[in-house]
J.: 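Have a look at this one before I ask anything.
The chains referred to below are lettered A, B, ... by the order of the sequence lines, with proteins before strands, and numbering in each begins at 1.
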There are 2 protein chains.
Amino acid sequence: MARLPVYLRALTTLSDQGTGTCSSEELAAAAGVNSAKLRKDLSYLGSYGTRGVGYDVDYLRYQIAREIGVTQDWPVVIVGIGNLGQALANYSGFRSRGFRVVALLDADPARHEQVVAGIDVRPFDHLERIVHEHAVAIGVIATPALAAQDVADRMVACGITSILNFAPIVLTVPAQVDIRKVDLSIELQILAYHEQRKTQGASRAEVPGEVPATATEATA
Amino acid sequence: MARLPVYLRALTTLSDQGTGTCSSEELAAAAGVNSAKLRKDLSYLGSYGTRGVGYDVDYLRYQIAREIGVTQDWPVVIVGIGNLGQALANYSGFRSRGFRVVALLDADPARHEQVVAGIDVRPFDHLERIVHEHAVAIGVIATPALAAQDVADRMVACGITSILNFAPIVLTVPAQVDIRKVDLSIELQILAYHEQRKTQGASRAEVPGEVPATATEATA
DNA sequence: AGGAGTTTGTGAACGCGAGAACAAACCGGC
DNA sequence: GCCGGTTTGTTCTCGCGTTCACAAACTCCT
Ligand SMILES: NC(=O)c1ccc[n+]([C@@H]2O[C@H](COP(=O)([O-])OP(=O)(O)OC[C@H]3O[C@@H](n4cnc5c(N)ncnc54)[C@H](O)[C@@H]3O)[C@@H](O)[C@H]2O)c1
Ligand SMILES: NC(=O)c1ccc[n+]([C@@H]2O[C@H](COP(=O)([O-])OP(=O)(O)OC[C@H]3O[C@@H](n4cnc5c(N)ncnc54)[C@H](O)[C@@H]3O)[C@@H](O)[C@H]2O)c1
């Protein structure tokens, strides 16, 4: 289930705050979901709560981490060390969540001089060797859209079975390979869509330029 | 609908390839969705196709762009010009899709010396002035998680009604404000989850694409 | 002009996830 | 030991999105 990582994050925050146990209400609020949904999600993993009390934060956290698979270490390769690839390589949040960047690959020879986040940028042709050496199962694509399908094909050919794609293109891969895509332009466009609807409604209902001051308080 | 930007991207690709018209089958394949779903989505906008022929690529592209709202120009501010913020500022794909970065803001005075992507990094305190000056409706948060809620509150207070959040935290905002979040760690964790299941199932020989009928009801 | 072939638009069935509601279980006090 | 208060785990229902299937509509060829 795609919400487990959110619960895991919320539990980590609670644990850092020193909370020992929490109810489904509290955890649901921290994760931004309905408490019934949260309980149903957790019940899929087993009965890790105590009725009348709630959940033991650290215990539940470990159970979810184990279910997701982040108790073990996942080696990752990043291909395309441009603006985005460098930002990803420098991101500390991956390491702390069980992902270890074992290699940065780029097709541009000019990049091979660079060291990003303490890791040498290496030629893309080293992909096969590195994947085999470190038993890499997860690959990240941060190349331009035109190169992404080729990169994905190469990844699949040498045994990678999960791909995170940042290029704005629909990748075609065999059914046994998992693909997740992150497209920032699409996110912005969805916001623009709703924004347009808001302002259209405002032209009829409200005076332009005026922001309603009601209910600007966060709903807990 | 969240799939419209995907269709728009596919149509742009087709148009660049010189395709004048396309059927729902073709477009659906390019967008990676079912053709019936695509037709239903498009019929929601109006009858822009011709039976027996298909859709005029450029005409449909304009109609979808208008529906989404990317025919107009959307000013955007980015707050938190670290690794990720700089990558975003340098990304040319935003401009080409109707989004214009009007300001880069950061709380760290050391950043204010910098020029990123030809834009001065300015103090976060300038937020109100800039938002008012450029009529900014969309804000991007690329600060650490701890600062994100404060930044969001400030954004909301000065009239921003759509926020794209990269910080790994659940933001609380008034109901009229749209939030979209991008959490790369969560994406990787979802991949790890499926990866773990794959390798577990591999111990028993299985046909790819078939799912054991036991407790594996997590088809994303 | 008419028919054959093609493709859109949409009505209807299906499946699935979300949310409300409730019984079972647990804790603490008396 | 029992009882009130609390919280989980689960069942049931509802609504939505997806998909199939088909009639209407258009083009092209004869
Ligand atoms: N920068 C962003 O914030 C951002 C935002 C949204 C989407 N994206 C997408 O992410 C991708 C990368 O963006 P970017 O800004 O980092 O681009 P970039 O041009 O800065 O970097 C791309 C890198 O990929 C390398 N590359 C090109 N072809 C390759 C190949 N065949 N094999 C290996 N490496 C190859 C290039 O040498 C370059 O270093 C693009 O598809 C872009 O659309 C980026
Ligand atoms: N770098 C990545 O690839 C990546 C990946 C996933 C998630 N993220 C998330 O994106 C966010 C930014 O990541 P990053 O790697 O760019 O971090 P970073 O530390 O490089 O940059 C953060 C920037 O925010 C600024 N900042 C801090 N507090 C601020 C405030 N109150 N107002 C305005 N600016 C403030 C800092 O001065 C800094 O420049 C983090 O929340 C991180 O978890 C980053």
J.: Between P on D:dT7 and CG on A:D56, what's the gap in Å once rounded to a whole number?
T.: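 After rounding, the gap between these two atoms is 16 Å.
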
J.: Looking at C:dG9, D:dT18, D:dT8, which one has an atom nearest to any side-chain atom of A:S23?
T.: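 Closest of the options to the side chain of A:S23: D:dT8.
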
J.: Distance check needed: C:dG19 C1' versus A:R3 CZ, whole Å only.
T.: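 Value for this atom pair: 12 Å.
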
J.: Where the side chain of B:Y55 is concerned, which of C:dC26, D:dC26, C:dT8 is the nearest nucleotide?
T.: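 Closest of the options to the side chain of B:Y55: C:dT8.
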
J.: Send over the distance from B:L45 CG to C:dT10 C1', rounded to a whole Å.
T.: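 To the nearest whole Å, that distance equals 15 Å.
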
J.: Identify the two heavy atoms, one from B:V77 and one from B:M155, that lie closest to each other, and give their separation to 0.1 Å.
T.: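 Taking B:V77 first and B:M155 second, the nearest heavy atoms are CG2-CE, 4.4 Å.
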
J.: Between atom OH in A:Y44 and atom C1' in D:dT8, what is the gap in whole Å?
T.: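 Rounded to whole Å, this separation is 16 Å.
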
J.: Taking only N and O in the side chain of A:S24, is any of them less than 4.0 Å away from OP1 or OP2 of D:dT8?
T.: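 Answer yes for this pair, as a side-chain N or O of A:S24 is under 4.0 Å from OP1 or OP2.
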
J.: Do you know the tightest heavy-atom contact between A:L164 and B:E187?
T.: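 Between these two residues, the closest heavy atoms are CD1-CB, 3.8 Å.
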
J.: Any side-chain N or O of A:N34 less than 4.0 Å from the OP1 or OP2 oxygen of C:dG17?
T.: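 Negative; the distance criterion is not met.
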
J.: Between B:Q176 and B:T161, does any side-chain donor sit less than 3.5 Å from a side-chain acceptor?
T.: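 No, no side-chain donor-acceptor pair sits under 3.5 Å.
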
J.: Among the candidates C:dG9, D:dA21, C:dG19, find the nucleotide nearest to the side-chain atoms of B:A36.
T.: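 When the side chain of B:A36 is considered, D:dA21 is the closest of C:dG9, D:dA21, C:dG19.
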
J.: Expressed as a whole number of angstroms, how long is the span from B:L38:CG to C:dT7:P?
T.: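 From B:L38 CG to C:dT7 P: 14 Å.
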
J.: So do B:L42 and B:Y7 actually touch side chain to side chain, heavy atoms under 4.5 Å?
T.: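 Yes, at least one pair of side-chain atoms sits under 4.5 Å.
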
J.: Please classify the nucleic acid contact of A:Y48 as base, sugar-phosphate, or nothing, using heavy-atom distances under 4.0 Å.
T.: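 It contacts sugar-phosphate atoms only.
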
J.: Both A:K37 and A:G52 contact DNA chain C. Which one's nearest nucleotide lies toward the 5' end?
T.: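 Of the two residues, A:K37 wins.
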
J.: Side chains of B:S15 and B:D58: any donor to acceptor distance under 3.5 Å?
T.: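 Indeed, the side chains of B:D58 and B:S15 share at least one donor-acceptor pair under 3.5 Å.
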
J.: Considering just the side-chain nitrogens and oxygens of A:R39, establish if one lies under 4.0 Å of OP1 or OP2 belonging to C:dA18.
T.: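 For C:dA18, neither OP1 nor OP2 has a side-chain N or O of A:R39 closer than 4.0 Å.
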
J.: Would you kindly give the CD-to-P distance between B:E25 and C:dT7, to the nearest whole Å?
T.: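 Checked: the CD to P distance equals 8 Å.
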
J.: Measure from CZ on B:R51 to C1' on D:dA23 and round the result to the nearest Å.
T.: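 Taking atom C1' of D:dA23 as the reference, CZ of B:R51 is at 8 Å.
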
J.: If you pin A:V53 and A:K40 to their nearest nucleotides in DNA chain D, which one's is more 5'?
T.: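 Whichever sits nearer the 5' end wins; that is A:V53.
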
J.: Send over the distance from A:D41 CG to D:dT8 C1', rounded to a whole Å.
T.: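 These atoms are roughly 14 Å apart.
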
